[in-house]
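Numbers restart at 1 for each chain; the letters A, B, ... are given by sequence-line order, proteins then strands. All figures in this text were calculated on a predicted structure; none of them were measured in a lab.
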Number of protein chains: 2
Amino acid sequence: MMDDTRTRLVESALRLLREEGLDAVTLRAVGDLTGLSRTAPYRHFTDKTALLAALAVRVIADLSAHVAAAISQEAGRRDRLRAFYLSYVKYATAHREEYRLVFASEFLAGHHPELEEAIDQVTTALGMAGTGEGPVPKAQLMALLSTAHGLAELAVAGQLAHKGIGYGDIVDVLVAPYGG
Amino acid sequence: MMDDTRTRLVESALRLLREEGLDAVTLRAVGDLTGLSRTAPYRHFTDKTALLAALAVRVIADLSAHVAAAISQEAGRRDRLRAFYLSYVKYATAHREEYRLVFASEFLAGHHPELEEAIDQVTTALGMAGTGEGPVPKAQLMALLSTAHGLAELAVAGQLAHKGIGYGDIVDVLVAPYGG
DNA sequence: CCAGCTACGTTGACATTGTCAACACAGGCT
DNA sequence: AGCCTGTGTTGACAATGTCAACGTAGCTGG
């Protein structure tokens with residue numbers, strides 16, 4: 001598998017994303033950091049957006065694992081739900097730039113099947129973390145994901161802190177309807 | 001006040017955004033369309049992001065009005081809630097590029113007070129559309145906004161259609177816990 | 001074994017774009 | 001009148017995504 005270089009490119013991009021932010025992820029910088037030349041990425045990705053999509057896939061996989069781990073430590077339905085929300089938002093706020101990329105790339109999902117697949121992984125991870133009382137309907141899973149997603153964005157944007165609200169407060173509201 | 005030109009610039013930007021998408025909103029294009037020269041925007045905005053922030057304020061005001069109008073036509077708590085979600089997501093999907101801008105600019109909210117103010121307007125509009133049974137707590141409002149926001153993004157990104165779910169289905173789930 | 005194709009990588013060049021500096025000009029204030 | 005300030009213009013520059021042309025190593029089929 002000669003994806004070796006490809007992986008290294010994505011890894012370089014991830015490092016740039018983490019250390020210098022989304023704007024620093026330029027094809028030239030990625031090439032440099034990988035020890036290659038500026039246009040090297042074009043041998044492995046058709047486009048810059050293709051690189052970003054691959055990077056987003058990595059980030060989403062991380063996020064997904066993080067969330068799944070957090071959920072698996074809880075037992076009751078309500079606690080699992082809370083763990084889901086909290087871990088999701090916590091990851092987002094702790095990795096601002098990565099989450100920013102995820103947002104941006106969602107708009108490209110249609111053109112990048114792997115991205116859609118990665119997003120699917122999050123939902124299935126969520127589904128498996130259900131109550132054990134049978135499969136959770138898709139619409140319900142997407143409702144959860146929507147909420148977590150929106151909450152994460154507001155938190156990252158500082159819209160909550162700005163109002164003196166912690167995201168924990170909102171999670172309380174969201175979890176309230178569900179019994180223990 | 002000579003904000004006239006400033007307004008015209010924003011209006012040109014809005015037209016570009018609607019007709020050719022976010023990527024077409026370039027300072028040069030805005031200048032051209034306004035009948036001015038490429039760097040003219042610099043006399044009214046410190047930055048390109050400042051222009052975009054002003055544009056986002058306009059868009060959010062539109063969205064806010066749209067949502068407020070939809071809510072005001074419903075009476076019961078549940079119906080209002082449903083109207084809120086539906087009108088919000090409908091606006092987002094019907095104005096993809098505009099909503100894309102809103103997403104992008106949220107990350108700049110910290111640096112642009114007017115933007116935060118505009119976002120506040122949405123929540124207060126939401127608050128006034130409450131049940132009439134006293135003010136709705138902030139955390140609850142933000143929870144609603146989060147959900148609508150996240151749902152809108154998934155819808156715009158095509159993540160729902162891709163699964164054969166309409167956003168109406170999800171709204172049903174979201175509204176379910178609230179009695180008529 | 002050799003000709004040649006393919007994958008991978010490099011340099012050069014280009015258009016676009018955000019941004020700044022230098023200049024022009026008009027109107028109101030002193 | 002003299003001048004400052006707001007508004008606008010052109011020229012220039014660096015960064016960036018992208019393409020074209022070129023090089024090269026290695027495997028493949030004859």
Inset, instruction - Respond yes when some side-chain nitrogen or oxygen of B:Thr5 is under 4.0 Å from OP1 or OP2 of D:dG8, and no when none is. - result: yes
Legend entry - Nucleotide nearest B:Ala40 (side chain, heavy atoms from C-beta), chosen from D:dT9, C:dG9, C:dG18: D:dT9
Inset, instruction - Find the distance A:Leu22:CG to D:dT16:P and express it as a whole number of Å. - result: 13 Å
Inset, instruction - Can you check whether any acceptor in the base of D:dG17 is under 3.5 Å from a donor in the side chain of A:Arg28, or vice versa? - result: yes
Inset, instruction - Take the protein atom CG of A:Leu9 and the nucleotide atom P of C:dA7, then report the distance between them rounded to whole Å. - result: 17 Å
Legend entry - B:Phe103 and B:His149 aromatic centres sub-6.0 Å: yes
Inset, instruction - Return no unless some side-chain N or O of A:Thr39 is found under 4.0 Å from OP1 or OP2 of D:dG17. - result: no
Inset, instruction - Rounded off to whole Å, could you give me the CZ-to-C1' distance for the B:Arg38 and C:dA15 pair? - result: 14 Å
Inset, instruction - Round to the nearest Å and state the distance from B:Lys48 atom NZ to C:dT19 atom P. - result: 8 Å
Legend entry - Polar contact flag, side-chain donor to acceptor under 3.5 angstrom, A:Ser146-B:Thr147: no
Inset, instruction - To the nearest Å, give me how far apart CG (A:Asp32) and C1' (D:dA15) are. - result: 13 Å
Legend entry - 4.5 Å side-chain heavy-atom contact, A:Leu81 and A:Leu174: no
Inset, instruction - Would you mind classifying the nucleic acid contact of B:Ser37 as base, sugar-phosphate or nothing, using non-hydrogen atoms under 4.0 angstrom? - result: base
Legend entry - Interatomic distance, A:Phe45 CZ vs D:dC19 P [rounded to whole Å]: 16 Å
Legend entry - Flag if over 12 foreign heavy atoms under 6.0 Å of CZ, A:Arg18: yes
Legend entry - Phosphate-side-chain proximity, A:Tyr42 and D:dC19, N/O vs OP1/OP2 below 4.0 Å: no
Legend entry - Residue whose closest nucleotide on DNA chain D lies nearer the 5' end, A:Leu27 versus B:Arg43: B:Arg43
Inset, instruction - To the nearest Å, give me how far apart CG (B:Asp4) and C1' (D:dG6) are. - result: 15 Å
Legend entry - Distance below 4.0 Å between A:Thr46 side-chain N/O and D:dT18 OP1 or OP2: no
Legend entry - Donor-acceptor side-chain pairing of A:Tyr88 and A:Tyr167 below 3.5 angstrom: no
Inset, instruction - Please determine if a side-chain N or O atom of A:His44 lies less than 4.0 Å away from the OP1 or OP2 oxygen of C:dG9. - result: yes
